Amino acid sequence: MRHFLDFEKPLYELEARIEELRNLNEQEGGVNLADDILKLREKANRFLEETYAQLSPWQKVQVARHPQRPHTSDYIAALVDGFVPLAGDRNYAEDPAILCGLGYLDHHPVCILGHEKGKDTEQRVACNFGMPKPEGYRKAARMMTLAGRFQLPILTLVDTAGADPGVQSEERGQAEAIANAIETCLNVPTPIISIICGEGGSGGAIAIAIANKIFMLEHAVYSVISPEGCSSILWGNASKHKTAAENLKMTAQDLKKMNLIDDIIPEPLGGAHRKKKTIYHNVKQTLLQALEELAPLDSETLQQQRTQKFIDQTRQFVKN
Amino acid sequence: MNWLRNLVRPKIRAISGRDIPEDLWIRCNNCSQMIFHSELTANLHVCPHCQHHRRLTASQRLSILFDDKRYEEIPLPKVHSDPLQFRDVKRYSDRLKDAQQKAKRTDGTIVARGTIDDILVVSVCMDFSFLGGSMGMSCGEAILLASQTAIDSKAPLLAICASGGARMQESMLSLVQMPRSVIAINRVKQAGLPYLTLLTDPTTGGVSASFAMLGDVAIAEPGATIGFAGKRVIEETTKQKTPDEFQTAESLMKHGMVDVVTHRKNVKKTIAQVLRIMLKRAPNA
Ligand SMILES: [Zn+2]
């Protein structure tokens, strides 16, 4: 069952009509409805093209959160060969909200980790809806250190509403765990490549996105706070989420303009979830190219480049 | 005793009959008792009745920390005030202008150099009264400047935190200050210099989840709220009330997240003691 977003209502109606005609076509062999179906299909595609060419920031948030959008587990299944999932922070627990492991990307041995939101209700609950607890960040830091020890490039996939806000997470040091993950990212001697695939929610996202190269999918978003959270703090209630989304300048296009990301990975027409093969291909090509570019750099240069990249960020807004 | 003071004090005021300005008396926002302003200042802005540690401005904080209340303020680089042209019910540029006029500075954060018990120390000090101490581009630049100043002066770095977190109105431009601040303190650590943190009320959000939680030694003031997510967000998300002793300096110490929780009057001494040992100096006579 395909999930339609509120602004996709005309498309939903077109698809329903197409489905109806298809059934009719099969039943009554006499009448040929192929032409009508083709016309409706063209109309649907035109709608998608026009709508997705000018999504508003809030609509992008909706697409980025689409339940059928590929998640870290999907990317790993599609792109990584011989994947060995690795678990646990060696301290307190295993946190399924961050998926980690080793594998091959087109013969390149890599370490891959990312937020996992889960596909169905059961998985979503198990993954805490992609909101990691301190043990998730400690596991990520452990994995990056491990990758560093064996000169494995690290690929991180970002897709979270944010770090888990809970009493136990606070007591186990959520703040320290995130700070430590940031510090680890900065000190790793191997290449880190990050892709913001869906939602880049605040500190819980950036904790694993301090990379040599940072990419965003065309309809992904990345910001300091969710539009709802921003609205409730600054406007006093969550109803101004659309205005907040515009103000937060959280789209890939905005962030590219500000030089906060390296590049945008194009999505198939109508979003990554509509043609997963295409997005897997685009993501893979981006990763391979980035790996190739970073391969000749020694560990010192890699660390330096990563640090300098973040030192340079926002420097364009410092006056001399 | 408290009820007696409560009764007696305003009476003195009435008897004296003179025109005493309203601000000579301050009501403690924790125990509601009246405190003489001069008494409060003498007590480092800690309530003499309930020991509630009131929030300090950055300059108040620095003057009680540095020897003879003297320190050199290192000027911050100027940053573009509102590149995102953020507007909620008010323009961010207007909010910022108001705060700047009130504080008579471009940002709340102060970078200072001076001696603490004869030890040269560089401090980056936040100010909650300036837009909630929020960390934006200017604060990020302040931390980098403090780091460079500490390294150039071969002096330890002391971060004094008082912040609700990242500055929302700068969105991603403020979020990236988290890694930038960590780079800054990493450089101090790599130079072999001590990095100490003083966590005051409040230290939360993107500030606690970056440089605030990475001190070689972390000192916190009693009762300070320290944590990542806000209490309201936690209660709304989990649909549960948070426990009484939650996200306080004391509970953080219990959970192993800070080294020392000590009364404001002991903070300076504790910092000096730790630094002397780290720097392999003899104890102060
Ligand atoms: Zn009191």
Side-chain angles (χ1 to χ4, degrees), chain A residues 131 134 162-167 169-183 185-187 200 202-207 209-210 222-225 229-236 240 243-244 247-250 254-255 258 260 306-307 310-311 313-320, chain B residues 77-80 83-90 92 137 140-141 144 165-180 182-183 185-186 203-214 226-230 233-234 236-238 240 242-243 246-247 251-252 254-257:
Chain A
M131 297 186 291
D164 173 59
V167 171
S169 286
E170 290 292 319
E171 290 178 343
R172 292 200 292 275
Q174 186 67 287
E176 191 275 342
I178 293 172
N180 190 265
I182 294 175
E183 195 174 35
C185 282
L186 285 166
N187 292 330
S202 193
I206 204 166
I210 322 288
Y222 194 7
S223 76
V224 71
I225 187 168
C230 179
S231 167
S232 77
I233 294 174
L234 293 178
W235 280 269
K240 296 282 190 222
T243 318
N247 274 280
L248 285 167
K249 306 282 190 297
M250 61 198 296
D254 286 323
L255 300 182
M258 289 187 271
L260 295 178
R306 202 179 310 132
T307 301
F310 280 86
I311 292 285
Q313 287 190 345
T314 70
R315 270 276 154 92
Q316 74 260 40
F317 300 114
V318 176
K319 298 171 187 167
N320 292 318
Chain B
K78 300 241 183 316
V79 301
H80 194 300
L84 304 183
Q85 298 188 300
F86 196 102
R87 183 179 195 161
D88 48 88
V89 287
K90 229 171 143 181
Y92 168 50
M137 291 190 287
E141 289 301 326
L144 282 159
R167 188 170 296 172
M168 239 180 308
Q169 295 93 335
E170 292 185 17
S171 196
M172 271 308 286
L173 300 174
S174 98
L175 192 71
V176 297
Q177 303 312 321
M178 291 174 69
R180 292 181 97 233
V182 176
I183 290 169
I185 61 127
N186 252 334
T203 299
T204 57
V207 169
S208 70
S210 59
F211 69 101
M213 276 297 161
L214 296 173
I226 306 164
F228 178 62
V233 174
I234 296 171
E236 272 170 17
T237 315
T238 61
Q240 276 171 355
T242 53
F246 181 59
Q247 294 186 326
S251 81
L252 257 84
K254 202 176 106 197
H255 286 100
M257 293 299 150

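Quick note on labels: first sequence line is chain A, next is B, and so on, each numbered from 1. It should be emphasised that the depicted structure is a prediction, and the values quoted were computed from it without experimental measurement.
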Given the options [options], which has more heavy-atom pairs under 4.5 Å with chain B than any of the others?
| options | result |
| --- | --- |
| A:G203, A:S223, A:A207 | A:S223 |
| A:M258, A:K240, A:R315 | A:R315 |
| A:T243, A:D164, A:V167, A:I182 | A:V167 |
| A:P165, A:C230, A:A163 | A:P165 |

Please classify the contact between [X] and chain B as side chain, backbone, both or neither, with a heavy-atom cut-off of under 4.5 Å.
| X | value |
| --- | --- |
| A:S202 | both |
| A:N187 | side chain |
| A:I311 | both |
| A:S169 | neither |
| A:L234 | both |
| A:L248 | both |

If you look at every heavy atom in [X] and [Y], which pair is closest and at what distance?
| X | Y | value |
| --- | --- | --- |
| A:E170 | B:F228 | OE1-N, 2.8 Å |
| B:F211 | B:V182 | N-CG2, 4.2 Å |
| A:R306 | A:C185 | NH1-O, 2.8 Å |

For [X], is it the side chain, the backbone, both or neither that has a heavy atom under 4.5 Å from a heavy atom of chain A?
| X | value |
| --- | --- |
| B:L252 | neither |
| B:F246 | side chain |
| B:M137 | side chain |
| B:R87 | both |
| B:M257 | side chain |
| B:I183 | both |

Practice task
Mind checking salt bridge (charged side-chain N to carboxylate O under 4.0 Å, His left out) for A:R172 and listing every partner two or more places apart, or none if nothing turns up?
Solution key: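 Testing A:R172 for salt bridge (charged side-chain N to carboxylate O under 4.0 Å, His left out), a comparison that skips the adjacent residues, returns A:E135.
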Point to revise | salt_bridge(B:K254, A:E171) N-O dist < 4.0 Å | key: no
Relative to chain A, which of [options] shows the most heavy atom pairs under 4.5 Å?
| options | answer |
| --- | --- |
| B:Q169, B:M172, B:Q247 | B:M172 |
| B:R167, B:E236, B:K90, B:E141 | B:E141 |
| B:T238, B:T237, B:L173 | B:L173 |
| B:S251, B:G227, B:P83, B:P77 | B:P83 |
| B:G230, B:P243, B:S208, B:A212 | B:S208 |
| B:T242, B:L214, B:T203 | B:L214 |

Next on the checklist: Within the 4.5 Å heavy-atom criterion, are A:Q316 and B:H80 side-chain neighbours or not?
Outcome noted: no
Original post:
Would you say the side chain of B:V79 lies within less than 4.5 Å of the side chain of A:K319, judging by non-hydrogen atoms?
Top reply: no
query = Among side-chain atoms of B:E170 and B:Y92, is any donor-acceptor pair under 3.5 angstrom?
reply =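 Per modelled atom types, B:E170 and B:Y92 side chains form a pair under 3.5 Å.
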For a quick check under 3.5 Å, do A:T314 and B:Q177 share a side-chain donor-acceptor pair by atom type? yes
**Request:** Answer yes or no: is there a donor N or O on one side and an acceptor on the other, between the side chain of A:Q313 and the main chain of B:R180, under 3.5 Å?
**Result:**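 No, the answer is negative, given that no donor and acceptor are paired below the 3.5 Å cut-off.
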| task | Would you check if the side chain of A:K249 reaches a backbone N or O of B:L84 as a donor-acceptor pair within less than 3.5 Å? | result | yes
| Given the rule in the side chain to side chain contact (heavy atoms under 4.5 Å, CB included) test, do B:D88 and A:N247 qualify, once you have shown the distances and angles that lead to the verdict? | CA-CA 8 Å; B:D88 48 88; A:N247 274 280; over 6 Å; no
**Asked** Within a radius of less than 6.0 Å around CD of B:Q85, do more than 12 heavy atoms belonging to other residues, nucleotides or ligands occur?
**Response**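 No, because the 6.0 Å sphere around CD of B:Q85 holds 12 heavy atoms or fewer from other groups.
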